[in-house]
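Since the structure comes first, as structure tokens, the remarks are kept for the end.
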Amino acid sequence: MPLRPPPAAPDLRRRSLVTAAVLSASGASLLVSGCSGDGEDQDAAEHTPEAERLRAAEAGRRRTLLERYDATVAAHAPLAARLKPLRTAVARQAEALDGKSRRGRGGAAASARPEKEKRPEVPAKEKDALAALAEEERQAADRHTAALAGAPPELARLLASVAAAGAAHAYLLGEKEEA
């Protein structure tokens with residue numbers, strides 16, 4: 001039985017490629033436009049009482065974590081330089097979550113805790129303090145992730161990024177310091 005070469009592939013012409021590209025682009029634009037909803041409906045969903053309560057609760061979680069960072073730095077001053085960027089990120093996250101929920105009501109300053117309240121307890125050893133902080137970040141990230149299901153789209157995106165940052169912070173806090 002003689003071997004025959006495989007049949008030749010159909011000749012693709014420039015016109016065929018351009019047509020395929022145009023059809024692909026128009027199909028993609030239809031898909032994208034189908035995914036975007038009415039901006040007014042989305043904006044209204046972001047400001048429902050449930051969304052505002054969720055936003056305020058999640059902002060409170062970030063502020064509680066911020067207090068944990070402050071207490072850890074107060075108990076272990078040598079860790080201040082290592083924790084400063086993480087603490088700054090947590091503060092910004094709290095502001096982002098708190099800002100929209102407290103518009104016109106005094107912002108984060110209105111919800112700040114009184115100075116007399118007791119600071120969180122911090123382990124005596126630096127290694128244990130970092131481990132405790134890492135665990136707090138992990139738990140906060142898990143809670144933010146769990147809250148995604150009931151959040152409107154914009155808040156869900158914000159919570160997802162905050163949860164991802166919290167997971168990264170937990171990882172960084174668990175790393176051994178390079179000598």
Side-chain angles (χ1 to χ4, degrees), residues 35-37 42-103 105-179:
C35 291
S36 63
Q42 288 179 354
D43 193 41
E46 294 294 326
H47 299 292
T48 63
E50 296 83 19
E52 292 295 321
R53 281 192 294 274
L54 179 59
R55 184 181 289 278
E58 297 305 313
R61 287 189 175 124
R62 291 321 272 176
R63 285 190 306 273
T64 299
L65 187 59
L66 191 58
E67 291 172 3
R68 168 67 73 175
Y69 273 94
D70 291 342
T72 302
V73 168
H76 302 285
L79 293 176
R82 182 174 177 186
L83 296 179
K84 183 179 179 181
L86 301 177
R87 187 212 176 277
T88 301
V90 171
R92 286 185 181 148
Q93 293 158 5
E95 287 175 14
L97 284 164
D98 202 31
K100 290 183 182 176
S101 70
R102 306 227 181 245
R103 227 184 315 189
R105 291 184 273 180
S111 61
R113 290 187 179 183
E115 286 293 320
K116 294 180 182 179
E117 281 196 33
K118 189 172 101 175
R119 285 192 168 203
E121 291 186 25
V122 178
K125 294 182 180 178
E126 285 183 8
K127 182 180 176 183
D128 294 339
L130 289 174
L133 199 51
E135 184 58 27
E136 288 282 331
E137 281 278 16
R138 267 187 226 96
Q139 290 175 1
D142 290 345
R143 288 188 301 263
H144 293 309
T145 302
L148 288 173
E154 279 299 315
L155 180 55
R157 284 188 277 276
L158 180 58
L159 288 174
S161 71
V162 169
H169 288 182
Y171 172 78
L172 291 171
L173 289 166
E175 280 187 329
K176 293 181 180 167
E177 197 168 324
E178 301 291 324

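Bear in mind the structure is a predicted one, so any value in this text is a computation, not a measurement.
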With rounding to the nearest 0.5 angstrom, report the [atom1] to [atom2] distance, [X] to [Y].
X	Y	atom1	atom2	result
Arg55	Glu50	CZ	CD	13.5 Å
Leu54	His144	CG	NE2	10.0 Å
Glu95	Leu66	CD	CG	9.0 Å
Thr72	Leu173	OG1	CG	9.0 Å
Thr88	Tyr69	OG1	OH	10.0 Å
Leu172	Leu86	CG	CG	6.0 Å

If you look at every heavy atom in [X] and [Y], which pair is closest and at what distance?
X	Y	answer
Leu97	Val162	CD1-CG2, 4.4 Å
Ala59	Ala94	CB-O, 4.1 Å
Ala134	Gly174	CB-N, 4.5 Å
Ala141	Ala167	CB-N, 3.9 Å
Leu158	Ala96	CD2-O, 3.9 Å

Open item on the list: According to salt bridge (charged side-chain N to carboxylate O under 4.0 Å, His left out), does anything in residues 129-138 pair up with another residue at least two apart or in another chain? List the pairs.
Closed with: Arg62-Glu137, Arg68-Glu136, Glu135-Arg138
Task: His76 side-chain N/O to Pro123 backbone N/O, donor-acceptor pair under 3.5 Å - done: yes
TODO: May I ask you to say whether Arg61 pairs ionically with Glu58, meaning some side-chain N is under 4.0 Å from a carboxylate O?
DONE: yes
Task: From CA spacing to verdict: side-chain contact (heavy atoms from CB on, under 4.5 Å), Leu83, Leu133 - done: CA-CA 10 Å; Leu83 296 179; Leu133 199 51; 3.8 Å; yes
TODO: Quick one: do Thr145 and Leu148 satisfy side-chain contact (heavy atoms from CB on, under 4.5 Å)? Show the steps, please.
DONE: CA-CA 5 Å; Thr145 302; Leu148 288 173; 4.3 Å; yes
Task: Intermediate values then yes/no, salt bridge (charged side-chain N to carboxylate O under 4.0 Å, His left out), Glu154 and Arg157 - done: CA-CA 5 Å; Glu154 279 299 315; Arg157 284 188 277 276; 2.6 Å; yes
Open item on the list: The test is side-chain contact (heavy atoms from CB on, under 4.5 Å); show your working for Gln93 and His169 and say whether it passes.
Closed with: CA-CA 13 Å; Gln93 293 158 5; His169 288 182; 4.3 Å; yes
